[in-house]
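The structure appears below as C-alpha cells.
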Amino acid sequence: MPTPGHRTLIHIAALGACASFALAAHAQEAAPAADAEPAGASGSNVLSPVVVSGSRISARGFTQPTPTTRMVAADLEKVAKPNLFNALAELPALQGSTGRTTSTNSTSSGIQGLSSLSLRGLGPIRTLTLLDGQRVVGANVTGVTDVSQFPQLLIKQVDVVTGGASASYGSDAVGGVVNFITDKRFSGFKANVEAGETNYHDDRNATLQAAWGRGFLDGRAHLVASAEYSREKGVPSPRFGGAGANGRTWFRNPAFQVRPIAQTTDGKPQYIAIENAQQFQYAKYGLITNGPLQGTAFGKDGAPFQFQYGSGGVPTGTGTVTGCITPFCVGGDLSGTVGGGTTLGMNMARQVAYTRGSYELNDDHELFFSLNYAKVDSRFTPNPGAAKNDNLTIQCDNPFVPASIQTACAANGITSFKFGTSNANFPKDIEVNPVRTQLRAVLGANGKFNALGKAWTYDAYAAHGQNTIDIRVANMSLNARYNAAIDAIRGPGNTIICRNPVAVASGCVPLNILGDVPADPAAMAYIEPANGPRQHSRQRQSVASFAVNGEPFSLWAGPVALAFGAEARREQYHVTGDPYGNGVSAASPNTPEYPADPLLNTSVGNNWYAGNYHNAVGAYHVKEGFIELNLPLFKSASLGEANFNVAGRHTRYSTSGSVDSWKAGSTWKTGVDGLRLRAVTSQDVRAPNLSELFAAPVVVNNTVNYQGTTLTVQQRTIGNTKLRPEIARNTTLGVVLAQPKWAPGFSASVDYFDIKVNDVISSLTTQQEVDLCVAGNQEICAAMDLVSATKYVTVQAFNLASMRNKGFDLEGVYRFDLGMGLPGKITLRGLATYTRSFVTNSGVVGTIPTEAAGVNLGNTPKWKGQFSQSWDTDTASFTVSQRWISDGVYSNEYIECQTNCPVSTLTRPTILNNQMKGAFYWDIGGSYKLNKNLTVYFKVDNLTNVDPVAAPQTGTGYGINPFLYDVLGRQYRVGARMQF
C-alpha cells in the first residue's frame, strides 16, 4: 500500500510526464533544424558532466531549480579569514551559526568552540554540511559537523544550497546544504602564511597552511596532501567591575528591569532596558542581603562598610531595596559585576592533516581514498569568580566574621545572616577546555560503464569517522565542599576548623569569603580539586553510499537524466562523566583522582558549581534509497528551454521507522534574453539526533501544580526513543537574470522562500508537561504518574512545536572592464536576505506563537546583507566590502509604551523601549603579486571599529549578541600566498 509520500511523488512524476507530452507538439514545431553549440563548450559538441550541490543529477547543461550560492577559492581568499567558517557565516542566508565567539558563557553545552553552520536561523541541526558531497562525523551529540576540522587550503569552492535537499541528501537538510568541494587534481605546491590582531592588541592569530599534489604512473595515479595549523589566542577576561577587555569601552552592564505583573495596573511598562545594572544580591567580596544588617559589605582585610546601592536605594531589611526592582538597581557600586568578564573570543588552536589518493584502474574506473586528522582545542572563561546570589547563610559565630559584625548580631538578636558574593578572592577563574579530535577515512570508487545501450557513471564510497570530544574544566568548586568550608568554628587550641565533623574527617579546610582577603591555598585545593569536571565523548559514524547517473533515453527536447542510489549509515555515541558530575557508577567509579567523599551526592551527581557532566550511550542506523529524474519539457527558439526535476527518497530509521522525502521543481530559460524562472517544492525531514533519543538520565526532586494541588514529584530527565522525524515543507520561487546581451557581465536573482516545519522536537519544563497532560495530550500523560505513591514526571523531548519561515533572497553581480585605458576589472556583488516572518508555535498551553523575524536579540534580523566592490588585475586586487544588519526589536511580543500601558501578561508584556539598533560594518582588503610564485595580502575587518549593540537580558551577563554582531572590534591581518 503506497504511503502518502509515495503517492505524492507518483502524482508529481505523472504530472511532469503529462506536461512533457502536452508541450511536445509546439516544442517540435518551434525547434531549430540543428541545435546550436552550447555556451562554454569550447569547441566540443558535448559538455563535461558537472555535479551541482542542489541535486544528485550529474548531467550536461542541467540547471537546478534549487537556489545555490557559490563561493570559489578566489572569493574565499579575498575574505582572508583564519577559519573558512567565519567567511561563510557572514553570508546573509546563514543565520544562527556557532563559532568561537558564541556560547562562551556556558560550561558544558557541548557546542563551545564548535564551528557549525546554520541556514535560515533554523539551527545547525537543520543544516546539512558535506565534504565532497559526503557526510562527515558529527562533533557533538547533536551530530553537528565542525567546519574547523575540514582541510581548508584544498577547498576550491563552497556551495550553499538555500532550499530543502533531503530528497537528494537525506536527513538534516531542512534549511539547506553547505557542500565543501576539494581540489582533487591539484598539482604542485602552495602555502599560506597569515597573522593578525585586533585594534586592542589582543586575539593575536597566526595561520600556517601547505598543500601538495602530484600525478604518478603516467597520470593514472594522483595524490594530494595538506597540513595546517592556526592559533587565535582570544580575548582575555577583564574579570570584575564591568570594564571592557583591553580598553573596550562599550560594555555598560545592560539588563532588563522587570516589575511583577501585579504592579502593572499603574499604566507604566513592566520591562525597562537599563545600563549599569547592579545586581544587589551580592558584592565583589561579600554582602549581607537580608535582615537588620542588610547592606553591610566587606572590603580590604574583611573590614565591613556600607554598600552603595544604585538608584538611591536603601535596604529594607527584608531582602529588597527601595527604588530598585529586584534584582537590579542602576549604578552604585559596580565593582562586583561579573557579566563583562565573559571571554569575548575563545583561545582556539586548529591542527588539520588531510590526504587523498586516486588510481585509475583503466580509462573507465578509478579507486580513491582519503584520510583526515583534525584537532580543535579551545579555552575560555565563562565568568569570573563563582557568584553566589543571596543563597548563602553565614553563622554569626563564624570566626571569620569581624568582631563588629558579631557584636551587631548579638545586638539585633540574630545568629546568622543571608550572604551573597562574587567570590572575587578566588585566585583563578573557571576555565573550560573542549578538545575535539577527528579521525576519518574514506574508500571509494567512481567511473563509467555501459548498460542498456547507454553510458552511465557511478560514484560509491564507504567512510568511517570518529570524533573524540573531551571537555575539561579547571578551577571549579564543588558545592558541598564550598558550603562546608565557609561554615567555620573555633576548634582545639583556638584553631579554625570546619563546623561539620563529617567534612572535617574527609579533609575540609575552612575558607574565609568575607572581604578582600587572600584565599588559603589549602582551602582552595579542597573546594576546587586539581581534577575538575570532565566529560569524555566518542562520536562515531559509518557510511556506505553509491549513486548512479545516466541519460537512459531522450525526449523531443533532449535527454532525460536519471540518478539513483542507496545509502546505509550508523550513528553512535558514548559519553562518560566524572563521578562527581555524573554520580558514582560502574562507568564513572571513584578513583584516586576522584576519591569518595561523604559530602557529595553519589547517586545523582550534579556536585559541581555549574554544568552537566552525565553519562549516556546510544546508537541508531539508517537505510535509504533515492531516485531523481530530470525531464526536458521543451526547447524552442520562441519559448526557450524548460526542465522538470523530481526526486524521492525513502528512509528507514531503526528508532522511528520509515519516512519519505521528495522534491519537485522546474527551471525555465525563457525566450527573453537572460531571463530564467525557477520553482521548487519539497518535503524534507530531520530525524531525532542521538542526544534527543538517548539523553543521559538524571533524577531530581521538583514541585508541580496539579489541578490546584502542589505535589512533590521525581523529575526524571531522559531521552525519548519514541520521537518522530520533523517534517518540513520547503517552497522556493525565483527569477534569475543571467548576463543578457543588453547587460553583459550582469546577473541577478530574487527568490521567495517559505519553510514550514511540523513536529518540531522541543523540550518542556516539568510544569509545562503537567499542564499539557491536563489539557488532554495523552502522549505526554504517558510520561508521568501523579496518582501513585511514587509520583514522577519524565522530562524529555516531544514532537510538539512548529515553525514557519518566509522571506526573500536577493543576489546580484556585475563585472565590467574599467575602461578609459585603465587596467583591471570591477566586480560589484551584493547578497541580502529579507526575513518577512519566522513564527514558532511551542505547542505549550498558555503560550502564543512567537515572531522571531527582526528580533535582534536572536538569530534572524529582518535584513542581513553582504556587499563588495572589487578591482582586479593580473597582479593586484583591492576590495571594499560591507556587512549590514537592519534595526530590530528586543521581542515582537512586547508592547511598547511609556504611559497608559495596558496591564502586562505573560505572553504580551509591556516595555518602555523596544528598539534594538542594527549594525553596518566596512571591511577592506587587497593583494599584490610580487612574482608568479608569491602574493602578499592584507585585510582589515570592521574598519570603523563599530561597537556591538547592547543586548540586555533578565539576568546578568555580558550583554551582547555574538550571533549577529561583531564583538571583537577592528581586526588586522596580513599574509602571503605561495604557489609553485
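Note that the structure is predicted; figures quoted are calculated from it, not measured. When reading the values below, keep in mind they use all heavy atoms of this one structure, side chains included, and skip hydrogens, waters and symmetry mates.
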**Prompt:** Okay, side chain of Tyr613, backbone of Pro579: is any donor-acceptor separation there less than 3.5 Å?
**Reply:** no
**Prompt:** Going by atom types alone, do Asp377 and Asn433 pair a side-chain donor with an acceptor below 3.5 Å?
**Reply:** yes
**Request:** Decide yes or no on side-chain contact (heavy atoms from CB on, under 4.5 Å) for Phe280 and Asp390, but give the supporting numbers first.
**Result:** CA-CA 9 Å; Phe280 65 70; Asp390 187 35; over 6 Å; no
**Prompt:** Counting distance only, does the side-chain N/O of Gln257 pair as donor-acceptor with the main-chain N or O of Phe328 below 3.5 Å?
**Reply:** yes
**Message:** Minimum heavy-atom separation for Ser506 and Asp597, please, with both atom names.
**Reply:** OG-OD1, 3.9 Å
**Message:** Looking at Arg481 and Leu600, would you say the former's side chain and the latter's main chain have a donor-acceptor pair under 3.5 Å?
**Reply:** no
**Item:** Close side-chain approach of Asn582 and Gln535, heavy atoms under 4.5 Å
**Value:** no
**Prompt:** Charged N to carboxylate O under 4.0 angstrom, Arg100 versus Asp203?
**Reply:** yes
**Asked** Hey, what do you get for OG1 (Thr289) to NZ (Lys418), rounding to the nearest 0.5 Å?
**Response** 6.5 Å
**Exam field: side chain Ser103 to backbone Ser106, donor-acceptor pair closer than 3.5 Å** = no
**Request:** Kindly indicate whether the side chain of Ile513, heavy atoms from C-beta on, has any atom under 4.5 Å from the side chain of Tyr482.
**Result:** yes
**Asked** Is the side chain of Asp487 donor-acceptor paired with the backbone N or O of Asn483 at a distance under 3.5 Å, no angle test?
**Response** no
**Polar side-chain atom of Tyr609 near backbone of Ala387 as donor-acceptor pair, under 3.5 Å** = yes
**Request:** Using a 4.5 Å cut-off on heavy atoms from C-beta on, say whether the side chain of Thr322 contacts that of Tyr309.
**Result:** no
**Request:** Verify whether one side chain among Thr102 and Thr98 offers a donor that lies under 3.5 Å from an acceptor in the other.
**Result:** no
**Request:** Please confirm whether the backbone N or O of Thr765 pairs with a side-chain atom of Gln768, one donor and one acceptor, at under 3.5 Å?
**Result:** yes
**Request:** Carefully, step by step, assess Leu599 and Val502 under the rule side-chain contact (heavy atoms from CB on, under 4.5 Å).
**Result:** CA-CA 8 Å; Leu599 295 186; Val502 176; 4.3 Å; yes
**Asked** Tell me, do Tyr958 and Val967 make a side-chain contact under 4.5 Å, heavy atoms counted?
**Response** no
**Request:** Output yes when a side-chain donor or acceptor of Ser588 lies under 3.5 Å from a complementary backbone atom of Ser585, and no otherwise.
**Result:** no
**Asked** Are the side chain of Ser904 and the backbone of Pro909 linked by a donor-acceptor contact shorter than 3.5 Å?
**Response** no
**Asked** So, Thr142 and Ser691: side-chain donor and acceptor under 3.5 Å apart, yes or no?
**Response** no
**Asked** Among all residues two or more places apart in sequence or in another chain, which pass the salt bridge (Lys or Arg N to Asp or Glu O under 4.0 Å) test with Asp578?
**Response** none
**Item:** Minimal non-hydrogen separation, Asn205 against Glu197, with atom names
**Value:** ND2-N, 3.9 Å
**Message:** I need the minimum non-hydrogen distance between Glu431 and Arg379, along with the two atoms involved.
**Reply:** OE1-NH1, 3.3 Å
**Prompt:** If you measure from OH on Tyr526 to SG on Cys498, what distance do you get to the nearest 0.5 Å?
**Reply:** 6.0 Å
**Request:** With rounding to the nearest 0.5 Å, note down the distance linking OH in Tyr285 to OG1 in Thr421.
**Result:** 9.5 Å
**Centroid-centroid distance, Tyr890 to Phe256, less than 6.0 Å** = yes
**Message:** Whether the side chain of Arg252 engages the backbone of Glu275 through a donor-acceptor N/O pair (distance < 3.5 Å, no angle test) should be reported.
**Reply:** no
**Prompt:** Just how far is it from atom NZ of Lys284 to atom CG of Asp333, taken to the nearest 0.5 Å?
**Reply:** 9.0 Å
**Check against side-chain contact (heavy atoms from CB on, under 4.5 Å), Asn615 and Val575** = CA-CA 5 Å; Asn615 299 347; Val575 182; 5.8 Å; no
**Request:** Evaluate whether atom NZ of Lys268 has more than 12 neighbouring non-hydrogen atoms of other residues, nucleotides or ligands under 6.0 angstrom away.
**Result:** no
**Request:** For residues Asp397 and Arg499, report the shortest heavy-atom separation together with the two atoms involved.
**Result:** OD1-NH2, 2.7 Å
**Request:** Any chance you could measure Glu769, atom CD, to Gln715, atom CD, to the nearest 0.5 Å?
**Result:** 8.5 Å
**Item:** Note, Ser335 side chain near Phe240 side chain (heavy atom, < 4.5 Å)
**Value:** no
**Prompt:** So, do Val435 and Lys375 sit near enough that their side-chain heavy atoms are less than 4.5 Å apart?
**Reply:** yes
**Asked** Would you say the side chains of Tyr965 and Asn856 form a donor-acceptor pair under 3.5 Å?
**Response** yes
**Asked** How long is the gap from CD1 on Ile486 to CZ on Phe419, to the nearest 0.5 Å?
**Response** 8.0 Å
**Request:** Search all heavy atoms of Gly323 against all heavy atoms of Ser311 and return the closest pair with its distance.
**Result:** O-CB, 3.4 Å
**Item:** Side chains of Pro236 and Asn246 in contact at under 4.5 Å (non-hydrogen atoms)
**Value:** yes
**Request:** Output every pair passing side chain to side chain donor-acceptor pair (under 3.5 Å) with a member in residues 338-347, not counting sequence neighbours, ordered by first then second residue.
**Result:** Arg231-Asn347
**Prompt:** So which heavy atom on Cys396 is nearest to which on Phe417, and how close?
**Reply:** SG-CD2, 4.1 Å
**Request:** Begin from the C-alpha positions of Asn383 and Asn105 and carry the test side-chain contact (heavy atoms from CB on, under 4.5 Å) through to its verdict.
**Result:** CA-CA 7 Å; Asn383 58 266; Asn105 57 347; over 6 Å; no
**Message:** Any heavy-atom pair between the side chains of Tyr282 and Asn423 that's under 4.5 Å?
**Reply:** no
**Prompt:** Can you list the residues that meet the side-chain contact (heavy atoms from CB on, under 4.5 Å) rule with Ile718, with sequence neighbours excluded?
**Reply:** Pro697, Thr794, Gln796
